[in-house]
Amino acid sequence: MTKAQILDIQSGGDTRALTVDRVGICGIRLPMNFDEGGRSHPSVGEWKCYTDLSAQSRGTHMSRLVRALHDACEGFSYDTFRALPEKVIQRLSDASRCELSVNFDCFIEKRAPVSEEVGYIDCQTAFYARQSRTEKRFLIRVTTPVTSLCPCSKAISKHGAHNQRSHLSLTVEPDSGARVRDIVALIKSCASCDLYSMLKRADEQHVTERAYDNPKFVEDMARDLAVGVEREIAVRSYRVEAENFESIHNHSAYAMITSSNFPADMLI
């Protein structure tokens with residue numbers, strides 16, 4: 001059977017008169033190299049890619065979405081991602097809007113504070129884009145592991161204070177060139193202490209004492225990060241989240257601050 005003879009059922013019409021708000025693919029994982037200012041970060045991205053579908057069309061062309069994502073991963077950068085929604089819309093003649101996201105780990109090289117031993121910290125990173133005839137949005141989210149030490153525990157205890165590993169997340173809708181590395185640097189400045197993968201004994205002493213001298217509640221870290229965003233990064237909107245994986249409780253502590261114009265319906 002030739003290509004011309006293969007039936008294309010999805011391109012047929014539909015009589016139910018219902019527009020599909022989101023249709024596409026999700027959960028697709030692809031290898032990628034994230035290029036940030038000439039630095040290459042090999043990773044694996046998990047994608048969502050949706051468009052709308054007119055009431056007259058039976059189905060969308062899923063393979064065209066897959067092809068667009070494969071092409072984007074070959075040279076992945078801020079610019080290629082921001083241009084991707086328009087390319088997806090152009091591939092689908094009956095689509096008027098596109099919404100997509102990718103989640104991946106960005107490995108940041110970090111030197112221990114005293115010994116300067118080299119290690120890597122994985123920062124959970126996500127890009128989100130949405131485009132239609134009337135809207136074009138782009139957001140970056142970065143989640144970085146840090147250390148927090150409880151001010152209350154320090155104040156009431158004769159010996160030491162409880163600390164824990166925490167996650168600080170910042171999602172920004174940048175006005176200009178906010179980078180993952182800039183966001184990571186801002187996040188770690190708002191914690192009791194930075195986190196490292198490689199520590200010698202002198203490093204361990206340093207980070208222990210640094211956290212003890214800089215106690216912060218989960219609310220403190222969220223507020224400090226929100227202040228830092230407004231002071232240091234040009235953004236249209238933002239969301240700050242802090243989560244402490246408590247060492248003396250069987251639950252986490254959580255805090256969030258969101259700017260009034262943040263798009264609450266985003267996919268990331």
Side-chain angles (χ1 to χ4, degrees), residues 41 103-126 140-172 178-233 235 237-259 262 268:
H41 300 275
N103 291 264
F104 61 98
D105 287 327
C106 185
F107 290 87
I108 303 296
E109 181 182 295
K110 297 184 71 172
R111 292 184 178 273
V114 179
S115 69
E116 296 192 344
E117 290 276 354
V118 176
Y120 292 88
I121 292 292
D122 58 312
C123 300
Q124 300 169 23
T125 306
I140 304 170
R141 186 186 70 197
V142 179
T143 301
T144 300
V146 296
T147 296
S148 62
L149 186 135
C150 178
C152 183
S153 176
K154 177 179 177 179
I156 65 177
S157 301
K158 293 181 179 179
H159 308 290
H162 83 82
N163 61 3
Q164 53 271 318
R165 187 166 50 88
S166 307
H167 278 176
L168 283 180
S169 297
L170 175 58
T171 307
V172 297
R179 303 185 308 164
V180 171
R181 286 183 171 274
D182 299 329
I183 294 173
V184 171
L186 176 60
I187 287 175
K188 70 180 186 180
S189 71
C190 299
S192 293
C193 186
D194 203 357
L195 205 68
Y196 303 86
S197 63
M198 179 67 73
L199 291 174
K200 307 298 282 186
R201 278 176 292 178
D203 301 308
E204 187 171 355
Q205 178 189 23
H206 175 90
V207 298
T208 300
E209 294 176 349
R210 166 63 181 164
Y212 190 80
D213 291 338
N214 192 30
K216 292 194 178 187
F217 291 123
V218 69
E219 300 94 331
D220 293 324
M221 294 192 298
R223 286 175 170 143
D224 286 347
L225 187 50
V227 169
V229 173
E230 295 182 350
R231 183 180 61 238
E232 298 183 26
I233 301 178
V235 299
S237 65
Y238 68 87
R239 170 179 286 171
V240 165
E241 295 174 272
E243 182 176 4
N244 288 351
F245 304 103
E246 294 286 291
S247 60
I248 63 170
H249 301 290
N250 192 27
H251 59 259
S252 292
Y254 176 81
M256 180 182 74
I257 299 174
T258 304
S259 65
F262 186 80
I268 59 174

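We're numbering straight along the sequence, starting at 1. Keep in mind that this is a model prediction, so the values were computed, not measured.
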What distance do [X] atom [atom1] and [Y] atom [atom2] have between them, rounded to the nearest 0.5 Å?
X: I233; Y: L186; atom1: CD1; atom2: CG; answer: 5.0 Å
X: T125; Y: I140; atom1: OG1; atom2: CD1; answer: 9.0 Å
X: T171; Y: M256; atom1: OG1; atom2: CE; answer: 10.5 Å
X: Y196; Y: K188; atom1: OH; atom2: NZ; answer: 6.0 Å
X: K154; Y: L149; atom1: NZ; atom2: CG; answer: 7.5 Å
X: C150; Y: F217; atom1: SG; atom2: CZ; answer: 5.0 Å

Expected output: side-chain [X] to main-chain [Y] donor-acceptor under 3.5 Å:
X: R111; Y: E116; result: yes
X: N214; Y: A191; result: yes
X: S153; Y: H162; result: yes
X: D203; Y: V114; result: yes
X: Q164; Y: S148; result: yes

Contact check, side chains of [X] and [Y], non-hydrogen atoms, under 4.5 Å:
X: I108; Y: R181; answer: yes
X: I187; Y: S169; answer: no
X: C193; Y: Y212; answer: no
X: V180; Y: V184; answer: yes
X: R223; Y: I257; answer: yes

- Task: Take Q124 and D105, measure what side chain to side chain contact (heavy atoms under 4.5 Å, CB included) needs, and give me the verdict at the end.
- Result: CA-CA 5 Å; Q124 300 169 23; D105 287 327; 3.8 Å; yes
- Query: Between E230 and Y238, is any side-chain donor less than 3.5 angstrom from a side-chain acceptor?
  - Reply: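 Judged by distance alone, the side chains do pair up.
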- Message: Between N163 and T147, do the side chains contain a donor N or O and an acceptor N or O under 3.5 Å apart?
- Response: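 No - no donor-acceptor pair under 3.5 Å links their side chains.
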- Verdict with reasoning, V207 to D194, per side chain to side chain contact (heavy atoms under 4.5 Å, CB included): CA-CA 8 Å; V207 298; D194 203 357; over 6 Å; no
Distance-minimising heavy-atom pair for [X] and [Y]:
X: C190; Y: M221; result: O-CG, 3.4 Å
X: E109; Y: Y120; result: OE1-OH, 3.5 Å
X: S192; Y: K216; result: OG-N, 3.4 Å
X: S157; Y: G160; result: CB-O, 3.5 Å
X: K110; Y: I121; result: CD-CG1, 3.4 Å
X: E243; Y: V218; result: N-CG2, 4.2 Å

- Task: Might you confirm whether atom CD of E246 has over 12 heavy atoms from other residues, nucleotides or ligands at distances under 6.0 Å?
- Result: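 Atom CD in E246 is packed in, count exceeds 12.
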- Decide side chain to side chain contact (heavy atoms under 4.5 Å, CB included) for N103 and R141; before the verdict, give the C-alpha distance in whole Å, the side-chain angles of both, and the deciding distance to 0.1 Å. CA-CA 9 Å; N103 291 264; R141 186 186 70 197; 3.3 Å; yes
